[in-house]
Amino acid sequence: MEYPFDIIEKKWQSIWQEKKIFQAVDLSEKTKYYVLSMFPYPSGTLHMGHVSNYSIADAISRFKLMDGYNVMQPMGYDSFGMPAENYAIRHRTHPRLSTDDSIKVMKKQFKMMGFGIDWTREVSTCHPEYYRWGQWLFKRMYEKGLVYRKSSYVNWCNSCKTVLANEQVEEGRCWRCEEPVRQKELEQWFFRITEYAEELLDFSSVINWPERVKIMQTNWIGKSKGTNIHFHLSGSDEIITVFTTRPDTIFGCTFMALPPEHPLVASWLKGQDDNSPIVRFCNKVINEDKIKRTAEETTKEGIFSGHFAINPVNGEKVQIWITNYVLMEYGTGAVMAVPAHDQRDFEFARKYGIPIKIVIQTPAQNLKLEAMTSAYTDPGILVNSEQFNGMKSEESKASITHWMEDNGTGEEAITYRLRDWGISRQRYWGTPIPVIYCQRCGVVLVPDDELPVKLPEQLELGNTTTNPLLSAAEWINTPCPNCGGPARRETDTMDTFVDSSWYFARYTDAQNEKGPFTRKKADYWLPVDQYIGGIEHACMHLLYARFFHKFMRDIGLIGSNEPFARLLTQGMVTKDGAKMSKSKGNVVDPQYILDRFGADTVRVFMLFASPPEKDIEWSDEGVKGAFRFLNRLWRLFAEKIDILQGTENVVVSGSVSDEELDKLRYSTHFTVKKVLDDIERMQYNTAIAAIMEHLNNIYACKNKKLHDVTEKNIFIQSCRVVPQLLYPFAPHLSEELWSLLGYKQLIHNYGIPTYSPEFLEKELVNYVIQIMGRIRGKLEIAADASPAEIEREALSLANVQKHINGKKVKKVIIIPKKLISIVL
RNA sequence: GCGAAAGUGGCGGAAUUGGCAGACGCGCUGGACUUAGAAUCCAGUGGGAUCACUCCUGUAGGGGUUCGAGUCCCCUCUUUCGCACCA
């Protein structure tokens, strides 16, 4: 017989709802605990990844609730974005309709899973009440000089018909549709995230983030220290500044390399014949796929510009080459080439017959120009470097830089790999950018009291060649807020990552109509105590959210430095070793599992299968195992209900003569301690394993005759802790069993279970006996036996004597309560 | 190439501080119950030698430190992830 999970789960879900136990209290006296898992994109129905993610969050949340915290676990929807728009185009419908349908279904499923969510704080980013404040924040950012507009080459996905941020390009392909990304020149809005590059490298305000994520972000920001060196353009007042991390090699610079996008190159090409080799080369490189161009295998190509630069340290004239291997976006967009000590420059110089000059000698002094097959990039001793000859290259970096600072030819510089965040998207289904272009006044921001700029509901979405909002004529044309003259609205919308960069703060005051949230509530709840989500957002959402948080702090909206104090990056749910996906046909629908086995079973399986940060391999048999465990527990209570009921104030102390019951009492206290410890270190798989083990121990005593009140109470207490320990993982069944025991209040009101250390002390302890590191016997002895006694007993064992074999015992090492090691 | 993480039975995984490797679950084998099956309960289950006692062997591979190593150190291999012409 299967336990009636469907009846039990519905029953408790409605009681929880009725008693509003998940409604978090703003500004409560109690200690707050804010649990958040990344909100879902409303994609139709819940998938296993959601189930896993939110099961982890709910386990934490329930445990904290039980432990007396003022817990907030909100939920919302990242409901703007391209899939809904693409779907709408294909089915000639409106994205709002499919989005709303998805949300309805998913919300129902969240409730069926029994997650303890405070639904009064629900947000949906596609609602004007939400994106209004996104627009408001955009304006504040603009006022602070953190938003600007510029024309630039951008990553363009021709399938999604939109621009992608650098973070959204994966191996040269669109992160959504895997279409190869092209370069396109467009006017775009940018957020000056680079302004915060230095602070984003500082993780001192987070309590517990995986090292991996910190490293990924650090690498992504890519700070590098070096020197800016100013070269004069020969025969001109023009100055070209290069950034280098190797100022020690400046005397070895034999040419300079510029990308075709460099403004100086553009000025040289002006008036030149379109068919000239230089113009043709530049056009070819610019239009080349950026990813292909920057791939390591791509051969280095270039063309001599006909111009020369003057090396400021020795006045040498060096050729300026236009090349495909220098990036305009990094550093100063110009490189001093030192072929002897840089592999790229070396290859290039060899190919085009440019001179190579050694300025760093190996410690063995054996570097010879003719013999070089690759650049020498390691440290060494300076040669051919005038007054710096003989210096160690590492030490010379600072000396050369200081010397250049003194004579005004260079200075220390820091460069980041991080670029500003381009947020314009040529799509309909996103937050409108609150900007108006006036013929007379130029760029004008929409006044605060006219926010939100709402998306027009009626428009043609089928036309995929232009930005959809361009077809909303009535919406576009609007009077200028400044002069009242004719003006047009911005038709790009914001990257949806903007919406998700501050939602964690909106939850603290989700229904506020006067602002994004109030400082008081934000400061009460933030930072999020535990954030949970996938590692794939390490350099996207998690970086953007940190940036937004710091910006919101700087304009006085928030007091804290970081949005997420602790971060858990949970693994994927895989099947047959691969991520579940429609294309692979290995998707398991949570709804089916929910109907067949119930929410508690799915939750227990998810948490038991592996530790939360690792991938979970889906197993139908494993789910049945979790179901079997819950049934086994149910049967225990059903069978023993007469003994178990009416059990207020069970106190069991003192010694008990029955050995098995004594062990059961030990198991009870041991398991409570173990589960509390495991929950603390977020090892839910071992916590559940410990509960299973304890249930096995109870089963071993199940049919024993209980002679007196003490024995009976030991048994009762062993059973009673099970629902308490299991509550974070299988809350419905736990609640049901708890009420069966006769308790009138919901289980969390009784707090987390406690254990008594006195029962963890055993009277007899087991020792393993090793002789020269090999196990040769076991010894059970009184816990308070003296070392001499232990040694005597151990040595007296027959198998021990056999292996000592008459040899002299040199030493006996005793590790209390564990091990006796005999050294011969 | 650089950076990071990992490698343990047939499978998922455990071993928290250097102290009984394989907890717990799945699967499998045997038994009980049953007309039979399902379900359940009990027992067993790394490999090998042995009737048994017990012994040998075993945490990707090789070496080392130690009374004792899955755990610490060195080398090699494999896998996964991130970055990748970043000057």
Side-chain angles (χ1 to χ4, degrees), chain A residues 1-2 170-171 210-220 222-224 226 242-246 249 257 293-300 323-327 329-338 342-345 347-348 415-418 535-536 538-539 604-605 608-611 613-626 628-629 631-632 635 674 677-678 680-681 683 685-696 699-700 702-703 766-778 798-799 802-803 810-813 815 817-824:
Chain A
M1 251 264 295
E2 292 178 356
E170 291 167 353
E171 292 178 3
E211 215 47 45
R212 186 148 83 109
V213 176
K214 289 196 257 182
I215 290 168
M216 281 169 74
Q217 290 200 355
T218 303
N219 291 342
W220 187 262
K223 179 177 183 173
S224 107
V242 300
F243 171 75
T244 182
T245 53
R246 295 294 305 272
T249 64
R293 178 173 150 196
T294 57
E296 206 156 2
E297 316 84 66
T298 306
T299 29
K300 288 153 190 57
T323 71
N324 67 345
Y325 75 92
V326 177
L327 305 173
E329 301 85 17
Y330 186 77
T332 60
V335 171
M336 66 169 213
V338 184
D342 181 284
Q343 187 56 27
R344 295 153 299 178
D345 300 343
E347 286 168 29
F348 193 87
T415 297
Y416 301 91
R417 210 188 70 108
L418 182 72
I535 185 84
E536 65 273 17
C539 296
V604 167
F605 167 73
F608 178 65
S610 68
E613 67 280 1
K614 283 181 86 173
D615 289 351
I616 297 169
E617 171 68 13
W618 181 263
S619 153
D620 290 334
E621 297 306 323
V623 176
K624 282 184 205 159
R628 209 173 295 167
F629 162 60
N631 272 297
R632 196 166 145 86
R635 280 197 308 273
K674 165 89 177 143
D677 287 352
D678 282 351
E680 183 62 36
R681 58 187 189 119
Q683 291 276 328
N685 55 335
T686 51
I688 293 169
I691 301 170
M692 288 174 167
E693 201 169 358
H694 179 57
L695 183 62
N696 291 343
Y699 260 69
K702 190 171 66 122
N703 297 320
N766 282 298
Y767 279 90
V768 169
I769 304 168
Q770 288 184 354
I771 298 172
M772 296 307 284
R774 322 211 62 156
I775 294 156
R776 298 302 182 193
K778 290 179 184 180
N799 202 46
K802 189 178 128 199
H803 283 92
K810 275 193 204 139
K811 195 162 60 162
V812 176
I813 299 161
I815 309 296
K817 293 175 188 175
K818 276 187 183 157
L819 178 128
I820 303 155
S821 188
I822 298 167
V823 186
L824 297 179

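Proteins get letters first, then strands, A, B, ... in listed order; numbering begins at 1 in each. Computed over heavy atoms, backbone and side chain alike; hydrogens, waters and symmetry mates excluded. Quantities reported herein were computed from a predicted structural model and do not represent experimental measurements.
In this structure, the CD1 atom of A:Ile813 is 7 Å from the P atom of B:C67, given to the nearest Å. Straight-line distance from the CD atom of A:Gln770 to the C1' atom of B:G18: 11 Å, rounded to whole Å. Atom CD1 in A:Ile535 sits roughly 12 Å away from atom P in B:C81 (whole-Å rounding). Atom OH in A:Tyr330 sits roughly 13 Å away from atom C1' in B:A84 (whole-Å rounding). Atom CG in A:Leu819 sits about 7 Å away from atom P in B:C20, given to the nearest Å. Rounded to a whole Å, the NZ atom of A:Lys810 is 14 Å from the C1' atom of B:U66. With rounding to whole Å, A:Ile815 atom CD1 is found 14 Å from B:C20 atom C1'. Remark: P of B:C24 and CE of A:Met692 are 11 Å apart, rounded to the nearest angstrom.
With sequence neighbours excluded, the residues that form a ring-ring contact (aromatic ring centres under 6.0 Å, His included) with A:Phe348 are A:Phe255, A:Trp321, A:Tyr325, A:Tyr352. Under the rule for a side chain to side chain contact (heavy atoms under 4.5 Å, CB included), the partners of A:Asn799 that lie at least two apart in sequence or sit in another chain are A:Arg776, A:Lys802, A:His803.
Using modelled atom types, one side-chain atom of A:Asp345 and one backbone atom of A:Val338 make a donor-acceptor pair closer than 3.5 Å. Between the side chain of A:Tyr767 and the backbone N or O of A:Lys817, at least one donor-acceptor pair lies under 3.5 Å. Side-chain atoms of A:Thr415 do not come within 3.5 Å of backbone N or O of A:Ser224 as any donor-acceptor pair.
Here the separation of B:A60 from B:U8, taken at their C1' atoms, is 10 Å to the nearest Å. Taking atom C1' on both B:C26 and B:U45, the two are 13 Å apart, rounded to the nearest angstrom. B:G62 and B:C51 have their C1' atoms separated by 40 Å, with the value rounded to a whole Å. Between B:U65 and B:C53, the distance separating the two P atoms is 36 Å to the nearest Å. B:U66 and B:C74 have their C1' atoms separated by 16 Å, given to the nearest Å. Rounded to whole Å, the separation between the C1' atoms of B:A5 and B:C86 comes to 25 Å. Across B:U71 and B:U59, the matching C1' atoms stand 10 Å from one another, rounded to whole Å. Of the C1' atoms belonging to B:G10 and B:A4, the separation is 31 Å, rounded to the nearest Å.
Nearest approach of A:Met336 to A:Thr244, heavy atoms of both residues: CE-OG1, 3.8 Å. Shortest non-hydrogen contact noted between A:Trp220 and A:Cys539 is CB-SG, 3.7 Å. The nearest pair of heavy atoms linking A:Asn324 to A:Thr299 is ND2-O, 3.1 Å. In plain terms, the two heavy atoms of A:Phe605 and A:Glu617 that are nearest each other are CZ-O, 4.0 Å. Minimum interatomic distance between A:Ile688 and A:Val604 (heavy atoms only, all atoms of both residues): CD1-O, 4.0 Å. Among all heavy-atom pairs drawn from A:Thr686 and A:Arg681, the shortest one is OG1-NH2, 4.0 Å.
Backbone-only contact: A:Lys818 has heavy atoms under 4.0 Å from sugar-phosphate atoms and none from a base. Across all strands, A:Gly331 comes closer than 4.0 Å to no nucleic acid atom at all (heavy-atom distances). Here A:Val326 lies in heavy-atom contact (under 4.0 Å) with a base. Backbone-only engagement by A:Thr245 is indicated by non-hydrogen atom pairs under 4.0 Å involving sugar-phosphate atoms exclusively.
Place A:Glu621 and A:Thr244 on RNA chain B by their nearest nucleotides, and A:Glu621 ends up nearer the 5' end. The 5' end of RNA chain B is approached more closely, in terms of each residue's nearest nucleotide, by A:Ile616 than by the other of A:Ala626 and A:Ile616.
In this structure, the side chains of A:Asp342 and A:Arg246 stay at 4.5 Å or more apart for every pair of heavy atoms. Using a 4.5 Å heavy-atom threshold, the side chains of A:Val823 and A:Met772 count as touching. Side-chain atoms of A:Gln683 and A:Asn685, non-hydrogen and from C-beta on, do get closer than 4.5 Å to each other.
Taking side-chain N and O atoms only, A:Asn685 has a distance below 4.0 Å to OP1 or OP2 of B:A14.
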Quiz item: How would nucleotides 41-60 of chain B be written as a contact map, 5' to 3', with B for base contact, S for sugar-phosphate-only contact and - for no contact, using protein heavy atoms under 4.0 Å?
Solution: SS-----------SSSS---
Quiz item: Going 5' to 3' along nucleotides 2-12 of chain B, which nucleotides have protein heavy atoms under 4.0 Å from the base (write B), which only from the sugar-phosphate (write S), and which from neither (write -)?
Solution: -SS-------B
Self-check item: Base-pairing string, 5' to 3', of RNA chain B - Watson-Crick or wobble, under 3.5 Å, | interstrand
Solution: (((((((..(((......[....)))((((((.......))))))((((....))))..(((((..]....))))))))))))....
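Taking syn as a glycosidic angle within 90° of 0, B:G12 does not qualify and is anti.
Residue A:Gln770 holds its CD atom at 10.0 Å from CD1 of A:Ile820, rounded to the nearest 0.5 Å.
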Restricting to nitrogen or oxygen on both sides, can you table the protein-nucleotides 15-17 of chain B pairs closer than 3.5 Å?
from: B:A15; atom 1: OP1; to: A:Arg681; atom 2: NH2; distance (Å): 3.1
from: B:U16; atom 1: O4; to: A:Lys674; atom 2: NZ; distance (Å): 2.8

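Between the base of B:C85 and the side chain of A:Lys300 there is a donor-acceptor pair shorter than 3.5 Å.
Side-chain contact check for A:Arg632 and A:Asn696: at least one donor-acceptor pair (N or O, by modelled atom type) lies under 3.5 Å.
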